[in-house]
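Inspection log for the structure reproduced underneath, given as structure tokens.
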Amino acid sequence: MSFGDNFQQLSSHRALLHLQDAEIQLLESMKKCIDQRIKSDRQYASALTLVVSHAQKLDSGISNPLFQVWSNIVKETQNWIGLLRDHAEKLSFRTLERLNSLITEKKAARKFYLDEKLRLDAELRKVKDDVAKVKQDYEKNVTKHIQDRLKLEDLISKGVPPKKLEDARVRLTKSSLKLHRTHNNYVAALLEASEHERHYIKTVLPNLLNYQEEIEKLMVSQCKSILKDYADLTDFSTPEHIEIYKRIHDQASSLSPVTEYKVFVDQNKSDKLTSSNVEFDSQLLMGYNGTLKENQLALDTFTLEHIQQSCAKVTEQLQEYHQKVLSKESDLAVAQEQLNSVTSKEDINNYDIHKRTVLKLERELGELRCKKEVLKEVQDLYNKQLNRLGDRAPPAGVDLLENSSLPTSNYEGADAVAISDGARGQFKLNMVLHKLKKSGPVPPPPPEKDFIPNSSNGNDGEVKPPRTSLTNSSSHPPMGVMKSAALPACDSYQQVAVGQESRTLRQIGTNSGKKLDDEDWFHGVLPREEVQRLLVNDGDYLVRVSTNRKTGENQYVLSVMWKDHKHFIIQGQEGAWRFEAEQYPTIQELIFNQHNSGNHVTKKSGAILKNPVLRETWELKNDDILLGQKIGNGNFGDVFKGTYKPTNSEVAVKTCRETLSEDAKKKFLQEGRILKQYEHSNIVRFIGIAAHRHPVMIVMEYVPGGSLLNFLKKQGQHQSKKQLVKMCQGAAAGMAYLESHNCIHRDLAARNCLVGKKNIVKISDFGMSREEEEYTVSGGLKQIPIKWTAPEALNYGTYTSACDVWSFGVLMWEVFSFGQSPYPGLTNSQAREKVDDGYRMPCPDHMPEVIYRLTLKCWHQEARERPHFSEIDSELQRIHQSL
Ligand code: ADP
Ligand code: MG
């Protein structure tokens, strides 16, 4: 098993070196991780310190158990932080240091092993080399000896003179001597080499390997101890940790709702409230000489009817409260039942919910019962008096002293006039009272300042004040809903000074008979999203109609800006409308009173109505639009020719089917919202959106030539090349305008361009447009006009104006193919595939070569290589002039 026996071959040696390298790397990585761990523990400790310091900021001076418990929990958290910090320090100064020295040792051990191995191998090699050298000498000497011997034999056989023979014998003796010595050297060297090798294999190399193994094992045990240290110092379940959490748990458990407030009550108790002095102030009747008595209802000719009515009213209220009490009692019984049915207290959530409900109902019931008792007392007061009177006629309310002279000084003021005007006797007095009653409440005084309407868009010729200036008028309601008696009847323009400037303002409707539709703050079915754009400052409000998702019924909604956008459904029906409080016969009156009162629309929302937001000039009334013949099929609904009555102008009207989803309706209006901002002779002109009711409509200028596609199909052949280039150039000018406004059309095609007078081309159909430099779609490709869309938009969903440039290339192709469908004979997916492979449609017969070159530039695979519309526009102008 040992290294010494198993690692002698080169492959094992290499494996051992590789292992040592890998282990060094592992230790290095371990070091980094522990370092990181130390950092994150320290960060955790710092974050917890923030928690603690946040908790310590609170000092209410109260020492109820709950406060103490929390303070103890915070202290324990501090202990926890202390432990964390301490352990992080130890990790850093002990564990990490040990790991560092282990890495150094490990590197040294590897170096030692490698150096030793190389040294031993070199020694062995040297011994073997020595043998080889001796062997070479040996070979040489043997050859020389044989040659000398053969020479001597030869000379002897030839019978040469003795002198020559003697020389030959001397040479042979010399070579024999050399040979014998070399022979011995060789035998000795061989022995030395084989012995050296034997020891190398048997002892020296195994010793080195085994030594190495032991060293490595020692280091593993060091590593083991380091890791145990790491485990200890990162363990959150040590007895110390567990102890801290045990104490936190104990703190939480020590809370007792029953005794929580015991000490607090003892320390802060006070005497019960005593009834305040709501007694009859006897001073009031000082010097009074009539029938009124302290603490007694006066039942006489003046008050009989009033008492009867009051009594009836109280009885009615009592009945109402009786019902309320009954219903609350039954709610309470149900809630109590539910509470009892929560068998396990473990189910703390459910228990809590039901317990809260029971407590709430008990409290409400208590209050209702009190109210009922109060009403009962008041009813008794009335009843007692009425019973006492029985069937008798009530006494006169006042003694008019008809038989005595009148002490005039006692009677001054308005009431006295009626009487002193010759009124005599009880009958006449009753008449006066009756008349007073009939004339009704005094009408409200007219507002001090005129109400200034607000509109966030003032481009209809009238200059409107900035929103901020309206705060002055915030206490005034919209006049359209005020009673006519209180207002000057006018619907004209007037000069109103706002700040330094004098501005013309139109005062909004004043006649009380105005329909809701006609109120300028009524925005019809304008979707919530659009409406929210109009509500900017707190108190801005308007009324609109929305469809109840569940019932599908229309409902009136008051939308208000109050911190955020709030939408209140106006409760009620024809003749009785309300929010939380009183009801009114019309929505106008409801809004008027709501605005005027300055009350919250609902208590919960706290919203207050300050500024009615008036319809913007682009918000048209559906009644002002007369639909004529259908001229197109839209994605969202039909397109009609129509008349806009106020200006008697021809318009095109895109309608939105009522049956579409709310989302689709919003998308429909997106087109209007975008178009609204643009004005360019090559872009169809926006007139407005009619959203008073369904169907919602986008109204645009009517472009008499219809769609460019139809025009090309019908009249394309009869147009000169110059004329067709002019049309392309018009489209490019429109698109350059859009590009400069960061608008990506995304559906540029002949079908979406219109042809106006003098064949002017206008870009239309902004249904897919986006106002962004780059727009990425995430959805599918369902609605995408594949054959007009650039590859990067199809493949990655990224749209830029360069994609519109690609579509423009297809548009030019359509123009010069007289409205043919692009990529004839290919399906969408075939066309897409071919284009991806680099295919481009060939030049149409009637397309000038220069235009085709421009078209190919528009179809450059790389979006950034395609020309911008401004360049296309100038290039087309140049080509147009050259033709
Ligand atoms: P959609 O978004 O549904 O595709 P478009 O805006 O493309 O709707 O309009 C559909 C068709 O209605 C057009 O192809 C064109 O024939 C006609 N149309 C649209 N707007 C006008 C307009 N302003 N003047 C004349 N015709 C128009
Ligand atoms: Mg279209």
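Heavy-atom basis, side chains included; hydrogens, waters and symmetry copies ignored. Indexing begins at 1, ligand by ligand and atom by atom, following the structure's order. A quick note: this is a predicted structure, and the numbers were derived from the prediction, not measured.
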Hey, which atoms in ligand 1 end up nearer than 4.0 Å to a heavy atom of [X]?
{"X": "Arg751", "answer": "14 (O)"}
{"X": "Val684", "answer": "23 (N)"}
{"X": "Asn752", "answer": "7 (O)"}
{"X": "Ser707", "answer": "14 (O), 16 (O)"}
{"X": "Val639", "answer": "9 (O), 10 (C), 12 (O), 18 (N), 19 (C)"}
{"X": "Ala652", "answer": "21 (C), 22 (C), 23 (N), 24 (N)"}

Distance-only N or O hit between ligand 1 and [X], under 3.5 Å:
{"X": "Lys654", "result": "yes"}
{"X": "Asp765", "result": "yes"}
{"X": "Val703", "result": "yes"}

Carboxylate-amine/guanidinium proximity below 4.0 Å for [X] and [Y]:
{"X": "Lys834", "Y": "Asp836", "result": "no"}
{"X": "Asp520", "Y": "Arg615", "result": "yes"}
{"X": "Arg693", "Y": "Asp623", "result": "yes"}

Where is the nearest protein heavy atom to [atom]: which residue, which atom, and how far?
{"atom": "atom 11 (C) of ligand 1", "answer": "Gly632 CA, 4.0 Å"}
{"atom": "atom 3 (O) of ligand 1", "answer": "Asn635 N, 2.4 Å"}
{"atom": "atom 15 (C) of ligand 1", "answer": "Leu754 CD2, 3.9 Å"}
{"atom": "atom 23 (N) of ligand 1", "answer": "Glu701 O, 2.8 Å"}

Ignoring hydrogens and geometry, is there a side-chain-to-backbone donor-acceptor pair from [X] to [Y] under 3.5 Å?
{"X": "Glu658", "Y": "His694", "result": "no"}
{"X": "His565", "Y": "Arg528", "result": "no"}
{"X": "Gln715", "Y": "Leu712", "result": "no"}
{"X": "Arg685", "Y": "Glu701", "result": "no"}

Query raised in the report: Checking only N/O/S atoms, does Asn752 have one that is under 2.8 Å from the Mg ion (ligand 2)?
Result: yes
Query - N, O or S from Asp765 under 2.8 Å to the Mg ion (ligand 2) - result: yes
Requested in this report: Answer with side chain, backbone, both or neither: which part of Ile631 has a heavy atom less than 4.0 angstrom from an atom of ligand 1?
Outcome: both
Requested in this report: Measure Leu709 to ligand 1 on non-hydrogen atoms and call it side chain, backbone, both or neither using the 4.0 Å cut-off.
Outcome: neither
Query raised in the report: Would you call the rings of His595 and Tyr541 parallel, tilted or perpendicular if under 30° counts as parallel and over 60° as perpendicular?
Result: perpendicular
Requested in this report: Name the orientation class of the two ring planes belonging to His741 and Tyr678 (parallel below 30°, tilted from 30 to 60°, perpendicular beyond 60°).
Outcome: perpendicular
Report task. Would you indicate whether the side-chain heavy atoms of Tyr644 and Ile625 approach each other to under 4.5 Å? Result -> yes
**Report entry** Which atom of Leu811 lies closest to which atom of Ala731, heavy atoms considered
**Finding:** CD2-CB, 3.9 Å
